[in-house]
> 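Mind looking over this structure? Questions follow.
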Number of protein chains: 2
Amino acid sequence: MKALSQTSKYGIRALLYMVANPSQGEYMSIGEIAKEMDLSFHFLTKIFRELTSNGILNSYRGPAGGVALAKSAESIMLLDVVLALEGNDYFDSCLLGFPRCGIAKPCPVHEFWKVAKADLKDHFSNTSLSQLAEKINADEVRLYD
Amino acid sequence: MKALSQTSKYGIRALLYMVANPSQGEYMSIGEIAKEMDLSFHFLTKIFRELTSNGILNSYRGPAGGVALAKSAESIMLLDVVLALEGNDYFDSCLLGFPRCGIAKPCPVHEFWKVAKADLKDHFSNTSLSQLAEKINADEVRLYD
DNA sequence: ATTAAATAAGAATAAATAGTCTTAAATATG
DNA sequence: CATATTTAAGACTATTTATTCTTATTTAAT
Ligand code: SF4
Ligand code: SF4
């Protein structure tokens, strides 16, 4: 059950690293994040460009440049990140992919699927990066070995 | 949120057609199913071979041959079809795809993800093809326009 | 100015998934 | 036996997703 693309997985993991290891008002270099999280620098750079253009990150070029959260970690929800990286139609998906689907008389799995999607969306929209980072820093949970 | 591959989507749709349009003890040709469900004949044939080798369908070659359910529609669960077509590790997936994940101290989204996957698995394992086909035949729901 | 350090942009390549096509094998019927 | 019908098998092609690479631009420091 592959819910997220590699792009989203890496993006979320990298953001969690940033939030769990804050660098007071400074920019953090993509190279450092990629190295610490064992991700491809070039791929992560591409992912971060998307997050920057979606207002989740700010970036700054040149020496001592890098990326920083554009908003507080409390106000960035998993939903924001997923929509930015998967597209805004992420929760419009159809389980069976029928062509010409009409909600008027839906297909036999729609009732279930509607609820499953709503639950996921609900969880994503109620989970902030800071909530997850708190768990990491409380050592209840880990980002990597 | 793409939960299923095209292979699974088409496979489920085609099976539902078969169950909703039973042909008493006879084999139904893949060509007919593909035509009625507007699927590629060759692709559907490939998918059905997988279902046949997994004991969900029986097949028979030659004139008046085709495919037929290998078990009663009451006893074929959505879960059986999904595992046959997506692989038995379908529900072992990881939301964030961390390498070297240890459940001992899981990553920050694991508690939620575990429950979401269990819910989906539960629903699939409690939903039979006949249950869905009944809804179709009661016209509460539709397979296509 | 020059250099070094960083992200931006997007082309190029690789891998995975989806879909098509060709040939072979099985079976029924005349 | 000859032919038509149908699935089996797998090679082939196309599309999408993932990843890497190259070049350009911005910025700080000397
Ligand atoms: S009704 Fe069925 S086909 Fe339409 S969106 Fe819902 S799950 Fe998909
Ligand atoms: S603990 Fe996290 S990394 Fe491990 S399987 Fe669960 S979701 Fe994935």
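Just the heavy atoms: all of them, side chains too, but no hydrogens, waters or symmetry mates, feed the values below. Predicted model, so just to flag it, every value in this text is computed and none were measured.
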> Just call it for A/Tyr27: base, sugar-phosphate, or nothing, with non-hydrogen atoms closer than 4.0 Å on any strand.
nothing
> Whole-Å distance between D/dA28 P and A/Glu26 CD?
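Rounding to the nearest Å, CD of A/Glu26 and P of D/dA28 are 13 Å apart.
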> Rounded to whole Å, please give me the gap between CG in A/Asp38 and P in D/dT19.
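Rounding to the nearest Å, CG of A/Asp38 and P of D/dT19 are 12 Å apart.
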> Grab the CD1-P distance between B/Ile56 and D/dT7 for me, whole Å please.
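It is 18 Å, rounded to the nearest whole Å.
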> I want to confirm an ordering. Mapping A/Leu44 and A/Tyr60 to their closest nucleotides on DNA chain D, which one lands closer to the 5' end?
A/Leu44
> Can you work out whether A/His42 or A/Ser5 has the more 5'-proximal nearest nucleotide on DNA chain D?
A/Ser5
> For A/Pro63 and for A/Thr52, find the nucleotide of DNA chain C with the closest heavy atom, then tell me which residue's nucleotide is more 5'.
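Comparing both residues, the 5'-ward one is A/Pro63.
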> More 5' along DNA chain C: B/Ser40 or A/Val67, using each one's nearest nucleotide?
A/Val67
> Identify whether any heavy atom of A/Tyr10 sits under 4.0 Å from a base atom; if not, whether one sits that close to sugar-phosphate; answer base, sugar-phosphate or nothing.
sugar-phosphate
> Measuring only between side-chain heavy atoms, which start at C-beta, is A/Leu129 closer than 4.5 Å to A/Leu78?
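The answer is yes, as the side chains (C-beta and beyond) meet within the 4.5 Å cut-off.
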> Looking only at the side chain of A/Phe43 (C-beta and beyond, no hydrogens), which of the listed nucleotides C/dA18, D/dT7, D/dA18 gets closest?
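My answer, after comparing the listed nucleotides, is D/dA18.
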> Should the ring pair B/His123 and A/Phe112 be called parallel, tilted or perpendicular, given that the plane angle runs from 0 to 90° and is split at 30 and 60?
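Answer is parallel, since the angle falls under 30°.
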> Please check if the side chain of A/Asp119 supplies one atom and the backbone of A/Ala116 the other of a donor-acceptor pair under 3.5 Å.
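Here the side-chain-to-backbone pair does not exist.
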> Is B/Arg61 side chain donor-acceptor paired with the C/dT27 base, going by distance under 3.5 Å alone?
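Check fails, no donor-acceptor contact within cut-off.
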> Tell me which nucleotide among D/dT6, C/dA8, C/dA4 gets nearest to the side chain of B/Ser29.
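Selected nucleotide: D/dT6.
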> Return the value, rounded to whole Å, for the distance between atom CD of A/Glu50 and atom P of C/dG10.
12 Å
> Please report the distance, rounded to the nearest Å, between CZ in A/Arg49 and P in C/dA11.
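Roughly 11 Å, once rounded to whole Å.
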> If the test is side chain to side chain contact (heavy atoms under 4.5 Å, CB included), which one of B/Thr45, B/Ile30, B/Thr52 qualifies with B/Ser59?
B/Thr52
> Are any of B/Thr45's side-chain N or O atoms less than 4.0 Å away from OP1 or OP2 of D/dA8?
no
> Inspect the surroundings of NZ in B/Lys35 and state if more than 12 heavy atoms from other residues, nucleotides or ligands are less than 6.0 Å away.
no
> Which part of the nucleic acid, if any, lies within reach of A/Lys9 when heavy atoms closer than 4.0 Å are counted: base, sugar-phosphate only, or nothing?
nothing
> Mind calculating the distance between CE (A/Met18) and P (C/dT7) to the nearest angstrom?
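These atoms are roughly 10 Å apart.
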> Rounded to the nearest Å, what distance is computed from the CG atom of residue B/Asn58 to the C1' atom of nucleotide D/dA8?
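Atom-to-atom, B/Asn58 to D/dA8, this comes out as 15 Å.
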> Does a side-chain N or O of A/Lys2 approach OP1 or OP2 of D/dA18 to a distance below 4.0 Å, or not?
yes
> Under 3.5 Å, is there an N or O donor on one side and an acceptor on the other linking the side chain of B/Lys46 and the base of C/dG19?
yes
> Taking CD1 from B/Ile47 and P from C/dT17, how many angstroms apart are they, rounded to a whole number?
14 Å
> For A/Tyr60 and A/Tyr27, take the angle between the two ring planes, folded into 0 to 90°, and tell me which bin it lands in: parallel under 30, tilted 30 to 60, perpendicular over 60.
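Plane angle under 30°, so parallel.
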